[in-house]
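Convention: sequence-line order gives letters A, B, ...; per-chain numbering from 1.
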Amino acid sequence: MPELPEVETVVRGLRMALPGRRILSVRLGKTDFIEDPVALEQILPGKRITGVRRHGKFLLIDLAPAVAAADAGSQPAEDTSLLVHLGMTGQLVTSPAESPAPPHTHVFVSLDDGRELRYTDIRRFGQMRILANGGHASALGKLGLDPLEATEAEFTSLIHARRAHIKALLLDQHVLRGMGNIYTDESLWRARIHPRRLGANLKPRELRALYRAVRDVLNEAIRLRGSSVSDYVDADGERGEFQLRHRVYQREGEKCFRCKTRIRRIIVAGRSSYFCPHCQPAPKLKRRPTAPRSRAIRRKSAPRRAR
DNA sequence: CTTACGGCCTGGGTGC
DNA sequence: TGCACCCAGGCCGTAA
């Protein structure tokens, strides 16, 4: 699932292929994930691609008004961009125009070098829209800080003021932009913090460890070109390798790399959360109405409930 | 203000 | 072999 490192990898790949290219035409399949399909078809053809950027998990393809054709006193070049979110299963790949497209490919953008930029998305949780003047701010302005750009002081202040589960805070794109379930769990494991700890209860040294862990995990994942756990591929259709370095994500029942304790899975903030119960001790239970102390005798076979 | 939860969507795995 | 069901989890809208 594309999170910050995966989107960053796609962006870097597209930067090799897109800037300088002119868009010839657009062909659409299913369009229910596109905000305004007609606008896409009308605005893109003729535009020249000037750059590719990442903002959190969003990807922006910047566009200029074709050539300097309107040299007769044109308007101050409007800033138009194609905004893409890959959702869960989105892929943005450039291919030779004549090569067969994989199933579930719904956007075909033909370029002036004989290649084609294609958007493939099995589940269509992604989104695509045209941003014109001012649209950038309204679409992206509410997102939080980029975890790789935030200073430790900024990071600390974002977390320390909040009484939500740290897992939820790291996932909240309005707090930090770019983290998803994989990198949240991996960062918490590295920092030895239980996903149900509250942000406000983290000690200064824990906040420092978490800040470092987030940066280290994200940077290493970018270096390995992302995690390919389901459908993720980069702009050339290649898989990443960081899934080979996962320490907790999707490792329920396997041994912790630090202490050999079995990794557990619980639901926090509505998401599967993998952690080591020994390295990441649970917070003190919120006082419940006289919880009977020792009743842990019901630990029978506990069959690994296969779903 | 906060957090919780359902809905969207498809394919792969599992149980019967 | 077939088939119903659960689950993955991005984000958003709505409820509490």
(request) Tell me whether the centres of the aromatic rings in A/H194 and A/F275 are closer together than 6.0 Å. (result)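 That pair passes the under 6.0 Å test.
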
Spacing between [X] atom [atom1] and [N] atom [atom2], to the nearest angstrom:
{"X": "A/L176", "N": "C/dG10", "atom1": "CG", "atom2": "C1'", "result": "17 Å"}
{"X": "A/Q173", "N": "C/dC12", "atom1": "CD", "atom2": "P", "result": "9 Å"}
{"X": "A/Q91", "N": "B/dG11", "atom1": "CD", "atom2": "P", "result": "13 Å"}
{"X": "A/E35", "N": "C/dC11", "atom1": "CD", "atom2": "P", "result": "17 Å"}
{"X": "A/I182", "N": "C/dG10", "atom1": "CD1", "atom2": "P", "result": "8 Å"}
{"X": "A/Y183", "N": "C/dG10", "atom1": "OH", "atom2": "C1'", "result": "14 Å"}
{"X": "A/Y232", "N": "C/dA8", "atom1": "OH", "atom2": "P", "result": "22 Å"}
{"X": "A/N181", "N": "C/dC11", "atom1": "CG", "atom2": "C1'", "result": "14 Å"}

(request) Assess whether salt bridge (charged side-chain N to carboxylate O under 4.0 Å, His left out) is satisfied between A/R197 and A/E206, documenting all intermediate values. (result) CA-CA 11 Å; A/R197 296 279 304 281; A/E206 292 177 314; 2.8 Å; yes

(request) Summarise protein proximity over nucleotides 3-10 of chain B in one line of letters, 5' to 3': B for base, S for sugar-phosphate only, - for none, counting protein heavy atoms closer than 4.0 Å. (result) S----BBB

(message) Need one value for A/S272: base, sugar-phosphate or nothing, where a base atom within 4.0 Å counts as base even if backbone is also close, heavy atoms only.
(response)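 Answer is sugar-phosphate: A/S272 comes under 4.0 Å of backbone atoms only.
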
(message) Need one value for A/Y249: base, sugar-phosphate or nothing, where a base atom within 4.0 Å counts as base even if backbone is also close, heavy atoms only.
(response)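 Since only primed, P, OP1 and OP2 atoms lie under 4.0 Å of A/Y249, the category is sugar-phosphate.
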
Lys NZ or Arg CZ of [X] over [Y] ring: under 6.0 Å, within 45°:
{"X": "A/R118", "Y": "A/F108", "answer": "no"}
{"X": "A/R258", "Y": "A/W189", "answer": "yes"}
{"X": "A/R247", "Y": "A/F257", "answer": "yes"}

(request) Determine the minimum heavy-atom distance between A/R21 and A/A17, stating which atoms define it. (result)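 Taking A/R21 first and A/A17 second, the nearest heavy atoms are CG-O, 3.4 Å.
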
(message) To check you understand the geometry: which heavy-atom pair defines the closest contact between A/R190 and A/V217, and what is its length?
(response)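 That closest heavy-atom pairing would be NE-CG2, 3.3 Å.
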
(request) Please state whether the rings of A/Y183 and A/H246 are parallel, tilted or perpendicular, taking 30° and 60° as the class boundaries. (result)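 Correct class here is perpendicular.
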
Distances for protein N or O near nucleotides 14-16 of chain C N or O, under 3.5 Å:
none

(message) Could you tell me if the side chain of A/L198 sits less than 4.5 Å from the side chain of A/H165, heavy atoms only?
(response)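 Yes, at least one pair of side-chain atoms sits under 4.5 Å.
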
